[in-house]
Protein chains: 2
Amino acid sequence: MAKKVTIRDIAQQACVGVGTVSRVLNGGSVSKETRERVLKVINELGYRPNPHARMLAGGKTNRVMFIFPEMRNEFHWRLLKSFDLTLDGYDYQTVVYPLISDNRLKKLRSDKQLLKEVDAVVVATVPLDTTFGKRPDFAQPLILIEWVHEDYDCINVDNEYGGRKAAELLLEHQPNEFFAIQSYETNPMIADKHLWERFNGFKKVLLEAGYDFPDDHIIYADLFTGPPHDKVFEILTKYDRPAIFALTDNYALIVLQIASTLGKKPGKDFFLVGFDDQYWAREGGLTTIKQPVEEIGAKAAEIALKRIRNPDAPIEHVKFVPTVVRRLTA
Amino acid sequence: MAKKVTIRDIAQQACVGVGTVSRVLNGGSVSKETRERVLKVINELGYRPNPHARMLAGGKTNRVMFIFPEMRNEFHWRLLKSFDLTLDGYDYQTVVYPLISDNRLKKLRSDKQLLKEVDAVVVATVPLDTTFGKRPDFAQPLILIEWVHEDYDCINVDNEYGGRKAAELLLEHQPNEFFAIQSYETNPMIADKHLWERFNGFKKVLLEAGYDFPDDHIIYADLFTGPPHDKVFEILTKYDRPAIFALTDNYALIVLQIASTLGKKPGKDFFLVGFDDQYWAREGGLTTIKQPVEEIGAKAAEIALKRIRNPDAPIEHVKFVPTVVRRLTA
DNA sequence: CTGAAAGCGCTTACAG
DNA sequence: CTGAAAGCGCTTACAG
């Protein structure tokens, strides 16, 4: 087993002091030639700085914490994946912190040590105010995904717009009745605000078109077990050419499956628009509102990195606009 | 903001050397009185040892890594939750490491630094041989969940037994035809061996009862989108009183939902047994084979802790026996 | 731009 | 059982 190579080995090989090596590592001022020489040795010896020594000495940790709720949704995994990949490109590590229990939340809030191990923290689709408080006093920069806060960098999707687009797509077919399949959220660690923004956009456009969407046309779905099938069944059989907005592709999938067992043709016997554009949606022919998941994850990573380098950079609020993906169901 | 308290502060307050404090922290030999005195000061000052200093100095990290595949299943979250809770009780931290990409697996295999941050690693439902190799050379103790390996502590469920029980339950109703809904796994980082063990047990009992289960009675389901509804539909409508073994409760849920739209009564028009006993199963009236998820997670934590304390303890192979939960569907 | 030195907070032989 | 000391691998003023 190869003896572990330390900063001292590099220094000796490159004929410089350890301080200089540290400076090329951390972007201090070093002459171009020595920098290159040191870099060369680092590569040759496959040197990796010991993160713990770094942290002890008060430097950067090269890590960013990614906090997200207990979601079994494709969305969060894709988000995490692109986030992690982007970070990796900059030699940063992702510390995965799922909020799966009150205990974990509590620990995060009380154990100062925990947060000290990262240079920044990203919180995705978590209702910030009810979990970390109105203005969490993290020592690290905080980046928010699907949440808006004046004091922090935020990345959001224009959900309202997406909802409006969904309505427009459905309206084209001049259906008689509209329905929405919405999440019924009870877990205080999971945000559902953005889902209601989608719904509001949807409802607004419908109203403009003269259709006053009745509240009892909302079908509430459990995040994990989906919408009650009998309700969906009822809509599909009782109404003529109904239009359905599934606020998440998950729910749209169920509708499609039920329809197939009924022999109902999407885009003809009923109309359906989802939200997300999950992997299966293409094959399933689902017309949906796509949010750029991968871009969001990558952007979060980039903003975190920028913020780490420059704590005083102006706060950045990014809003991604979802796009319409027209396929067979509407 | 309170100045951070270090081991030196404790030493001074307790009138001992830092070495002594370290010894009470790490279980070295200290007289009972001084130990108590030190402990008292630690409590009063709310001292928490800096993990990085610890690691640098070559001590324990008080962390265990939990590696699991990209599963959006209830099972893994429950497992992780109980694991984390148990560890927490011993003042240990869980390092959550989901295997969501090849990149993450590669990093785990190549970056020696990563593994050094934990005292032990637990790998859950991952095919060890195809991911880490026949005999991974981790420096840390390795504990396996749902995988068998002579050289490591393993925790398994008697899946074969569970499958047999499922068959017995179904057989009671003397159905004419049997079906199974099985996972179709393509992701090499997700183990499905245990699912086939269940199936084998199932098939075996059926054969003993004179029913030679035909392979084309297996319905393959995608882990994320579930079984194709039209197939389930077909079984429910084409056959008289069919018996279905869903190898995961997820799949059973779909069957129940489809049946409800068809007006078919479980336990009468068809028979259904699941596996897992997920949260919704009780309310859903699902008869299922329950595996003690929480116990498995807790056990994994305890074995890890034991192994950390005593690397030479004999290898432990634990096998949990699933239990039958009789409800309405069979 | 660069080297030598102090210090980050611990652990672990080493003497007593 | 216990204290003083060395060392873990870095970073960051401090002088030059």
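Within every chain, numbering begins at 1; the chains are lettered A, B, ... in the order of the sequence lines, protein sequences first and strands thereafter.
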Tell me the interatomic distance from B/His52, atom NE2, to D/dG9, atom P, rounded to whole angstroms. 16 Å
Hey, is OH on B/Tyr90 packed in by over 12 heavy atoms from elsewhere, all under 6.0 Å? no
I want to check something: taking the side chain as every heavy atom from C-beta on, are B/Tyr279 and B/Glu74 in contact at a cut-off of under 4.5 Å? yes
Tell me the interatomic distance from A/Glu117, atom CD, to C/dG9, atom C1', rounded to whole angstroms. 14 Å
Say whether, by atom type as modelled, one donor and one acceptor occur between the side chain of B/Thr86 and the main chain of B/Ser82 under 3.5 angstrom. yes
For the residue pair A/His76 / A/Thr125, report whether a side-chain donor-acceptor contact shorter than 3.5 Å exists. yes
Please tell me if B/Thr20 has a side-chain N or O lying less than 4.0 Å from either OP1 or OP2 of D/dT2. no
Could you check whether any side-chain N or O of A/Asp129 sits under 3.5 Å from a backbone N or O of A/Lys134, counting only pairs where one atom can act as donor and the other as acceptor? no
Rounded to whole Å, please give me the gap between CG in A/Asp9 and C1' in D/dC10. 13 Å
Evaluate the criterion side-chain contact (heavy atoms from CB on, under 4.5 Å) for residue pair A/Gln93 and A/Asn62; output intermediate values, then yes/no. CA-CA 6 Å; A/Gln93 294 260 359; A/Asn62 270 255; 5.9 Å; no
Contact list for DNA chain D against residues 29-47 of chain A - heavy-atom distance below 4.0 Å: A/Tyr47
Could you check B/Gly19 against A/Arg48 and say which one's nearest nucleotide on DNA chain D is further toward the 5' end? B/Gly19
Against the side chain of A/Ala57, the closest entry in C/dG9, C/dA4, D/dT11 is D/dT11
Quick check for you: among D/dG9, C/dT2, C/dC10, whose closest atom lies nearest to any side-chain atom of A/Leu56? D/dG9
Could you tell me how the ring of B/Phe68 sits relative to the ring of B/Trp77: parallel (under 30°), tilted (30 to 60°) or perpendicular (over 60°)? perpendicular
What is the distance, to the nearest angstrom, from the CD1 atom on B/Ile7 to the C1' atom on D/dA5? 14 Å
For the pair made of NZ in B/Lys60 and C1' in D/dC8, what is the distance, rounded to whole Å? 16 Å
Hey, is B/Lys306 close enough to B/Glu316 for a salt bridge, meaning N to O under 4.0 Å? yes
note: B/Asn26, atom CG; D/dT2, atom P; distance rounded to Å ~ 15 Å
Determine which bases of DNA chain D form Watson-Crick or G-U wobble pairs with both distances under 3.5 Å, and write the result as a 5' to 3' dot-bracket string with | for other-strand partners. |||.||||||||.|||
Between B/Arg307 and B/Asp312, does at least one N-O distance fall below 4.0 Å, as a salt bridge requires? no
Across the strands shown, which category fits B/Val16 at heavy-atom distances under 4.0 angstrom: base, sugar-phosphate, nothing? sugar-phosphate
Does any donor-acceptor pair link the side chain of A/Arg23 with the base of C/dG3 at a separation under 3.5 Å? yes
Could you tell me the separation between the CZ atom of B/Arg8 and the P atom of D/dG3, rounded to a whole number of Å? 14 Å
CD1-OG1 distance between B/Ile190 and B/Thr131, expressed to the nearest 0.5 angstrom: 11.5 Å
Which nucleotide sits closest to the side chain of B/Val18: D/dA5, C/dG9, D/dC10? D/dA5
D/dG7 C1' sits how many Å from A/Asn50 CG, rounded? 13 Å
